[in-house]
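Every number for a ligand or one of its atoms is a count from 1 in the order of the listing.
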Amino acid sequence: MQHRELNEIAPPGQLTLDATIDCWAATTTMQHNRRQFLTAASLALSYGLITRLVVSQERKGTRVILLGTKGGPRVGESGRSNPSTLILINDVPYVVDCGYGTTRQLLAVGVPLNRLRYVFITHHHSDHNLEYGPLFYNAWITGLPVRVDAYGPPGLELMTRDFFNYMKFDIDTRIVDEGRPDPRRLISAHDFNKQGVVLVNDDVKVSACLVRHPPIKQAYAYRFDARDRSVVISGDTAYAPELAEFAKGADVLVHEVMYLPGIEALIKRLPNATRLRAHLLAAHTAPEDVGRIAAQAGVKTLVLSHFVPGDDLSITDNQWAQDVRKHFKGQIIVGKDLMEI
Ligand SMILES: [Zn+2]
Ligand SMILES: [Zn+2]
């Protein structure tokens, strides 16, 4: 088990090829790989992200990287981006949720955007889908060579079509003017409306479990069973014993968490959000209950993510974890953006 902080800031001169070039060599030539790196690096630089990219010694296996850990739709200044989790299986990216900032976070961990292949949306709150269309657009404009498959609750197919209408002028212009392929043929959106197996390929079986996130009825957790590891992402949910059953024996459970004293402080800062308190309590999980779920599931490692509130810097890691520990005796990781588990 390894987890590393990947968000160390490197001086510009240290953004070197040798630290990054070995990420994505499996199926490409060295020349192509160098071009991919340069594209990613120049985009990262153009976004002002002077960030050390992921150093990957081994290309096989299953890696989990937290891209965005701040629950809720507000874009904060806390150092936490909006929700998204990356699972790399044999170097193929599986992106779970597309909160605002997902594109930039993928670049920050050294994933070239044109390597996008699979996207999973847990539910249609905007902190989970706001950048769904733009992420695909950014992959297309970076030279996406293969089709992207996207999975989510009902509404995803419509949202995909609506996004292309929203961007119709630009897309149609670039197809003619720049000779680009039609992006509408490069994505397949798949709605599903019941739990069960969502995807099976040579590397992984992905299944979904209905969770409790009122008033949204179609909210799911995902489980990735790869050859070497099993990883469960809770999505947004209130305490849900069925999730513990779904996560049984997983190596890693990434679970959302809500800190009640922080909620009270949050409500005070948002005078118009009179219903927000009731929504949060009904739709999210307190630390003690997160511990119960992890213990019932018997997972090895519990990762806290989707922090609510996610931009209150006065809440310490220990405060997030202390009530979890009452029930769960395994490894607890208080998630940070760009952390690898
Ligand atoms: Zn959320
Ligand atoms: Zn939600």
Side-chain angles (χ1 to χ4, degrees), residues 64-87 95-103 105 119-135 150-156 159 191-193 195 208-222 232-240 242-243 246-247 253-260 262-263 266-267 269-270 273 275-287 289-290 293 302-312 315 320 334-337 339:
V64 182
I65 300 176
L66 307 179
L67 296 180
T69 59
K70 178 196 170 296
R74 280 177 299 110
V75 177
E77 296 175 349
S78 60
R80 293 189 189 277
S81 191
N82 297 80
S84 185
T85 306
L86 170 67
I87 302 175
V95 177
V96 181
D97 286 328
C98 298
Y100 187 80
T102 299
T103 301
Q105 296 296 78
V119 175
F120 299 83
I121 301 294
T122 57
H123 66 294
H124 290 303
H125 266 143
S126 65
D127 52 325
H128 299 257
N129 68 17
L130 189 61
E131 202 163 310
Y132 164 70
L135 174 62
Y151 302 85
L156 190 69
M159 197 167 67
D191 285 3
F192 64 88
N193 62 6
Q195 56 189 12
C209 170
L210 196 63
V211 290
R212 305 180 187 190
H213 194 46
I216 293 179
K217 293 195 170 66
Q218 292 278 320
Y220 289 92
Y222 287 107
V232 175
I233 314 283
S234 73
D236 284 10
T237 183
Y239 175 66
E242 58 273 27
L243 175 60
F246 179 68
L253 169 62
V254 180
H255 201 294
E256 70 126 83
V257 65
M258 168 183 63
Y259 184 65
L260 297 171
I263 297 299
L266 173 72
I267 299 300
R269 294 203 303 271
L270 299 170
R275 297 187 55 148
L276 184 60
R277 185 177 190 278
H279 160 76
L280 291 173
L281 293 180
H284 296 283
T285 309
D289 286 336
V290 176
I293 294 292
L302 169 66
V303 182
L304 304 181
S305 188
H306 194 285
F307 295 91
V308 178
D311 51 3
D312 185 340
I315 306 171
W320 284 111
V334 180
K336 306 273 190 300
D337 282 19
M339 178 186 269

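- Around the Zn ion (ligand 2), protein N, O or S atoms at a distance under 2.8 Å total 4; waters are neither shown nor counted.
- Other residues, nucleotides and ligands contribute only 12 or fewer heavy atoms inside 6.0 Å of the OH atom of Y100.
- Once rounded to the nearest 0.5 Å, the distance linking CG of L243 with CZ of R212 reads 10.0 Å.
- A side-chain N or O of D97 and one of T122 form a donor-acceptor pair less than 3.5 Å apart.
- Residues satisfying the side-chain hydrogen bond (donor to acceptor under 3.5 Å, both in side chains) test with D127, not counting sequence neighbours, are H306.
- Scanning both residues, Y220 and N193, for their nearest heavy atoms gives OH-C, 3.1 Å.
- Relative orientation of the H279 and H125 rings is perpendicular, given thresholds of 30° and 60° on the angle between their planes.
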